[in-house]
Amino acid sequence: MNESGFSQRFNPHVIDRRWQKKWEESGCFHAKDNSDRPHSYVLEMFPYPSGRIHMGHVRNYTMGDVLARYRRMKGHEVLHPMGWDAFGMPAENAAMERHVHPREWTMSNIATMREQLKRIGFAIDWSRELATCEPSYYGQEQALFLDLYKAGLVYRKESAVNWDPVDHTVLANEQVIDGRGWRSGALVERRKLNQWFLKITDFADDLLEGLKDLDQWPEKVRAMQENWIGRSQGMQFHFHFDKAPEGFDQIEVFTTRPDTLFGASFVAIACDHPLAKALAEKMAGLPEFIADCQQMGTATEDVETAEKKGFDTGLSLTHPFDKNRKLPLFIANFVLMDYGTGAVFGCPAHDQRDLDFARKYNLPVTRVVAPSPEEAHEPIADKADSRPGIMVNSGFLDGMAYEDAKKAVIQRAEKEGWGKGTTVFRLRDWGVSRQRYWGTPIPIIHCDSCGPVAVPREQLPVTLPDDVSFDKPGNPLERHPTWKNVNCPCCGKPARRETDTLDTFVDSSWYFIRFASQPSDQPFDKKIAEKWLPVGQYIGGVEHAILHLLYARFWTRALQSIGRLDIKEPFTGLFTQGMVTHETYKDAEGHWLAPEQIHKNEEGILLTTEGGPVNVGRVEKMSKSKKNVVDPAPILDQYGADAVRWFMLSDSPPERDLAWTESGIEGCWRFMQRLWRVSAFALDKTSGEDRDLLRRLHCAIKDIGTAIEDLSFNKAVAKIHDLVNAIEKAKPSASRREASRILLRLVAPMVPHLAEEAWDILQEDGFVAETSWPDFDPAMTIEDEIVIAVQVNGKLRDTLTVSRTTSKDELEKLATSSAKVIKMLDGKSPKKVIVVPNRLVNLVV
Ligand code: ANZ
Ligand code: ZN
């Protein structure tokens, strides 16, 4: 090819596909397990195949792609895979609403989204693509589940679920809306079912301690995990009854505030506490109260926000510090059975829930901690005081700092034998049973004689039956006519398959390991997986900051504990990107308008398609309900992949939100054309050096590399803008030719199609994607011309522009020969000459 290659406009409509095809045919993005290069694993959170790629995906995957391509140019062997988090409820909802099979719906979404991703030109190793709904994936997951079962990290226990009494089905928390089933509208009940659990609590301390070493994680995410694990130091102790009910002689409570014990004004137990159940048999009104409490959903938020309600049992308990003080015993809806001991003492002055409760039931409120001596008698109104301070109204504790009081109370309880200091975690074991079809079948068989039995390895995978119906609510696996009927692997008698499937968070807890190694006969090869893992850089949305990341950290530790993989932390670096936002619009009646429902008239005023007025609202996260979603597909068709990629990287720092605008993408499009024109300078034949341009070039190489390594893509973009400006302004020279050529390598990770096409026109060998990242000469990054002040008796009289390496003698000579200085000296010769290198020359006369 020749110069005429650049004479046309940059035309992504032809170019994009050409290079995507060539990359794919060459297999240049396939990661080689046995390469001698340093292994580098760049991963973005894999998408749920909802139907179409959205702007959030485009932003997320563009960032990962720039890093992956950059690392490849830096000589790393890069693993940058893609797959599908393909199980989950939306597929079943589609089946119910549109009568398509979940598999069909999922697979066709995957096909659409795969093509959309390929259209953006990501440097992905598609040979490792996986979908969690394929038996080749979930069968291996079943094998791992059974390994953990054998190791005692999986168990079965009764636990509460949301039960829809009309649809006769278990509901996920997100299917409960304002306490009612999403389809039936019936009030949801709490029911107990036998469910499977993973023992994440065995690792609670380790998961917490491990956070300290994750120094390439956002502080915010570490704090969220720490909170979720919620280790608290406290005390467990018992109260004796004033008159004990039959079968119970004390109530065991857990507190994190033993210091506040003198402020106790009641004791409360959970509605499913054994004592509550026992009392319900003979206390009028109690069964109804318990039923009412059970109506509350199982999500913690529901419990937090619900109105505090209690049932006074009429029983009372003795205060451990004062035998004459009696505390009433309530059954209360805000006490949870599966935390601590399922019983608490309430101290209304210093706990908001307790205060709400005390006000409602007219219980005493006594301050026992005062932030300052002046506040010792400050009354408590409707806000509990949780500030630290000094003990008051607290007998032998008075005057102590509250932390010392904690220790003093624990010490006394331990000495007198009614309690002891303990550590508890907020973290619960992970309930993984889901009563639905579109998930990994739990590989267990229930036998009346043998109990739960693991499916033998050679019978894995336990595959989902295809012939299921969604016309009735409930779990299709449960009502399938034959699927669950099998013989017990132990005794051979007729038995039943487990019909629960695994929480989809299990699927996403190890997919990054399967990407690294995917043999057909085992979950992964330990040696190969360990070559790639841990993931060097993981990128995704902050909405996964807690559960997904915690479960993946747990799963990795669990595999380590059974010797399957010798890695503890799965993700060394974590980056959480901001959201893509857009303006919102409403018509005169206040109805949301989609961007395609409005246009600008000649005066630049926004109007609806019918010509009505448009109110421009806030810039918000793209969401269907606000109709401000912009579909990337038509934008890619119009502007090409590189302009869209460029937009995603420009302007906002990657951790912040990015507002999508029409003018923004147009600006990116124009910049692509400029880049293209500048690329043509790489064919100039003019000779001559341009030191200033070379210096800018070397600074750019250095700064752009650093910016990409720091994931500060917007800074890299700004540096490229500066360099392009400088090249455009420079006169033709050999230096300009070199700068334009190197520029192509610098932009290649971001706008790979344009770079590849230009590279080809320049008749360079191979792909620019496979060239090395340019080196910079550190000496060339230093500004070598400097300005020196020339003073006479301390007053500025002239300046000199000289090379940085000019010697002291030379500077003195130059200063004394300055015309302005000669004039000032008026024939006298200086008594003293002071030379401060790189700064000034002062002549004293
Ligand atoms: C008395 C007290 C006084 C409390 C005070 C707090 C403040 P975290 O920090 O989240 O672990 N609690 C204990 N078990 C409970 C249960 N099963 N259901 C509901 N609440 C329970 O919370 C520990 C605190 O939550 C405990 O400390 C207890 O109330 C309550 F000024 O005891 B505290
Ligand atoms: Zn059996």
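The first residue in the sequence is number 1, and the count goes up from there. As the structure lists them, so they are numbered: ligands from 1, and atoms in each ligand from 1.
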Can you list the ligand 1 atoms lying under 4.0 Å from a non-hydrogen atom of F345? 1 (C), 32 (O)
Considering the heavy atoms of C347, write down every atom of ligand 1 situated less than 4.0 Å from one of them. 3 (C)
Option nearest atom 19 (C) of ligand 1 (shortest heavy-atom distance, choices Y339, F334, F425): F334
Taking the six-membered ring of F396 (Phe, Tyr or Trp), confirm whether the NZ or CZ of R412 is under 6.0 Å from its centre and within 45° of its axis. yes
Heavy-atom contacts under 4.0 Å between V344 and ligand 1: side chain, backbone, both, or neither? side chain
Report yes or no: does a heavy atom of S232 sit under 4.0 Å from some atom of ligand 1? yes
Of the options F345, F357, Y361, F311, which is the one that meets F266 in a ring-ring contact (aromatic ring centres under 6.0 Å, His included)? F357
What residue and heavy atom of the protein are closest to atom 3 (C) of ligand 1, and at what distance? T260 OG1, 3.3 Å
Nearest neighbour in protein (non-hydrogen) for atom 6 (C) of ligand 1: D351 OD2, 3.4 Å
When you measure from atom 33 (B) of ligand 1 to every protein heavy atom, which one gives the shortest distance, and what is it? T255 OG1, 3.6 Å
Ranking D385, I269, L336 by closest non-hydrogen atom to atom 16 (C) of ligand 1, top hit is L336
Where does T256 meet ligand 1, judged by heavy-atom distances below 4.0 Å: at the side chain, the backbone, both, or neither? both
What protein heavy atom lies closest to atom 5 (C) of ligand 1? Include the residue and the distance to one decimal. R257 CG, 3.6 Å
Going by the order shown, which atoms of ligand 1 are within less than 4.0 Å of some heavy atom of F254? 13 (C), 26 (C), 28 (C)
Please tell me whether N393 and T366 have a donor and an acceptor in their side chains that are separated by less than 3.5 angstrom. no
May I have the step-by-step check of side-chain hydrogen bond (donor to acceptor under 3.5 Å, both in side chains) for D467 and H480, ending in yes or no? CA-CA 8 Å; D467 53 335; H480 189 280; 3.0 Å; yes
Is the shortest distance from a Lys or Arg side-chain nitrogen in R367 or E375 to a carboxylate oxygen in the other one below 4.0 Å? no
What atoms of ligand 1 come closer than 4.0 angstrom to any heavy atom of V335? 16 (C), 17 (N), 18 (N), 19 (C)
Test side-chain hydrogen bond (donor to acceptor under 3.5 Å, both in side chains) applied to T556 and K568, step by step: CA-CA 6 Å; T556 310; K568 193 178 220 176; over 6 Å; no
Shortest non-hydrogen contact from A384 to L355? N-CD2, 3.5 Å
If we ignore angles and hydrogens, is there a donor and acceptor under 3.5 Å between the side chains of S159 and K192? no
Check against side-chain hydrogen bond (donor to acceptor under 3.5 Å, both in side chains), Q195 and Q435: CA-CA 10 Å; Q195 309 212 66; Q435 292 72 29; 3.1 Å; yes
State plainly whether the residues D202 and R557 are in salt-bridge range, i.e. N to O under 4.0 Å. no
Give yes or no for whether the N/O distance cutoff of 3.5 Å, strictly under, is met between R353 and ligand 1. yes
Does R426 approach ligand 1 within less than 4.0 angstrom via side chain, backbone, both or neither, non-hydrogen atoms only? neither
Please determine whether any non-hydrogen atom of M337 lies less than 4.0 Å from an atom of ligand 1. no
Does any N, O or S atom of C491, backbone or side chain, fall under 2.8 Å from the Zn ion (ligand 2)? yes
Quick check with a 6.0 Å cut-off and a 45 degree axis cone: is R190 positioned over the face of W163's six-membered ring? no
